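Inspection log for the structure reproduced underneath, given as C-alpha coordinates.
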Amino acid sequence: MRLIGECAQQCQMQLHFQSVPGLKHKEISVLTLARRVIGAGPAWLCRLRPKDALTTLHQQAQEAYHGI
(Lines give C-alpha, C1' and ligand atoms only; values in the text may rest on other atoms or scores of the structure.)
Protein backbone atom coordinates (compact mmCIF):
# COMPACT_ATOMS: atom_id res chain seq x y z
CA MET A 1 0.00 0.00 0.00
CA ARG A 2 2.79 2.37 0.91
CA LEU A 3 4.62 1.77 -2.37
CA ILE A 4 1.45 2.35 -4.39
CA GLY A 5 0.72 5.55 -2.47
CA GLU A 6 4.24 6.91 -2.88
CA CYS A 7 4.19 6.11 -6.60
CA ALA A 8 0.82 7.79 -7.00
CA GLN A 9 2.06 10.83 -5.13
CA GLN A 10 5.11 11.12 -7.38
CA CYS A 11 2.77 11.01 -10.38
CA GLN A 12 0.67 13.73 -8.68
CA MET A 13 -2.43 11.52 -8.71
CA GLN A 14 -3.53 13.04 -5.41
CA LEU A 15 -4.74 16.02 -7.44
CA HIS A 16 -7.37 13.71 -8.98
CA PHE A 17 -8.39 11.90 -5.79
CA GLN A 18 -8.63 14.67 -3.18
CA SER A 19 -12.00 16.18 -2.32
CA VAL A 20 -11.09 19.70 -3.47
CA PRO A 21 -9.56 19.47 -6.96
CA GLY A 22 -6.64 21.73 -7.71
CA LEU A 23 -5.29 22.17 -4.18
CA LYS A 24 -1.51 22.44 -4.19
CA HIS A 25 -1.03 21.27 -0.59
CA LYS A 26 -1.33 17.71 0.63
CA GLU A 27 -4.87 16.87 1.66
CA ILE A 28 -4.86 13.06 1.85
CA SER A 29 -2.37 10.58 3.28
CA VAL A 30 -0.23 8.28 1.18
CA LEU A 31 -2.24 5.25 2.34
CA THR A 32 -5.58 6.92 1.56
CA LEU A 33 -4.26 7.81 -1.87
CA ALA A 34 -3.22 4.18 -2.40
CA ARG A 35 -6.68 2.91 -1.45
CA ARG A 36 -8.32 5.37 -3.84
CA VAL A 37 -5.99 4.45 -6.71
CA ILE A 38 -6.60 0.73 -6.15
CA GLY A 39 -10.34 1.32 -5.99
CA ALA A 40 -10.27 3.35 -9.21
CA GLY A 41 -9.24 0.31 -11.21
CA PRO A 42 -6.40 -1.11 -13.25
CA ALA A 43 -6.13 1.86 -15.61
CA TRP A 44 -4.84 4.00 -12.73
CA LEU A 45 -2.50 1.29 -11.46
CA CYS A 46 -0.91 0.97 -14.90
CA ARG A 47 0.22 4.60 -14.68
CA LEU A 48 2.42 3.95 -11.65
CA ARG A 49 6.19 3.59 -11.81
CA PRO A 50 7.16 1.66 -8.64
CA LYS A 51 10.88 1.86 -9.34
CA ASP A 52 10.73 5.66 -9.05
CA ALA A 53 9.38 5.51 -5.49
CA LEU A 54 11.96 3.09 -4.10
CA THR A 55 14.52 5.83 -3.39
CA THR A 56 11.95 7.84 -1.43
CA LEU A 57 10.88 4.80 0.59
CA HIS A 58 14.50 3.87 1.28
CA GLN A 59 15.27 7.38 2.57
CA GLN A 60 12.19 7.37 4.79
CA ALA A 61 13.15 3.98 6.22
CA GLN A 62 16.69 5.16 6.98
CA GLU A 63 15.41 8.31 8.68
CA ALA A 64 12.98 6.27 10.78
CA TYR A 65 15.70 3.80 11.73
CA HIS A 66 18.18 6.49 12.72
CA GLY A 67 15.56 8.53 14.54
CA ILE A 68 15.91 11.62 12.37
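In what follows, every heavy atom counts, from backbone to side chain, and hydrogens, waters and symmetry copies are set aside. Predicted, not measured: the structure shown is a model, and the values here were computed from it.
Hydrophobic clustering (ILVMFWY, side-chain heavy atoms < 4.5 Å, transitive): Trp44 and Leu31 are in one cluster. Linking Ile, Leu, Val, Met, Phe, Trp and Tyr whenever their side-chain heavy atoms come within less than 4.5 Å puts Phe17 and Ile38 in one cluster.
Contact annotation: the side chain of Ile4 never approaches that of Leu33 to less than 4.5 Å [non-hydrogen atoms, C-beta and beyond]. Contact annotation: the side chain of Leu48 approaches that of Met13 to within less than 4.5 Å [non-hydrogen atoms, C-beta and beyond]. Looking at heavy atoms from C-beta onward, Arg35 lies in side-chain contact with Met1 at the 4.5 angstrom threshold. With contacts defined as side-chain heavy-atom distances shorter than 4.5 Å, the pair Ile28/Arg36 qualifies.
Interatomic distance, Ser29 OG to Gln14 CD, rounded to the nearest 0.5 Å: 11.5 Å. Interatomic distance, OG1 of Thr55 versus CD of Glu6, reported as 11.5 Å (0.5 Å rounding). Remark: Leu15 CG to Glu27 CD distance equals 10.5 Å, nearest 0.5 Å.
Summarising the geometry of Ala8 relative to Val37, their closest heavy-atom pair is CB-CG2, 3.8 Å, with the distance given to 0.1 Å. Taking both residues in full, the closest heavy atoms of Cys7 and Pro50 are given as SG-CA, 3.2 Å, listed atom of the first, atom of the second, then distance.
Each of Leu57, Thr56, Val30 was scored for a side chain to side chain contact (heavy atoms under 4.5 Å, CB included) with Leu3, with one residue passing: Leu57.
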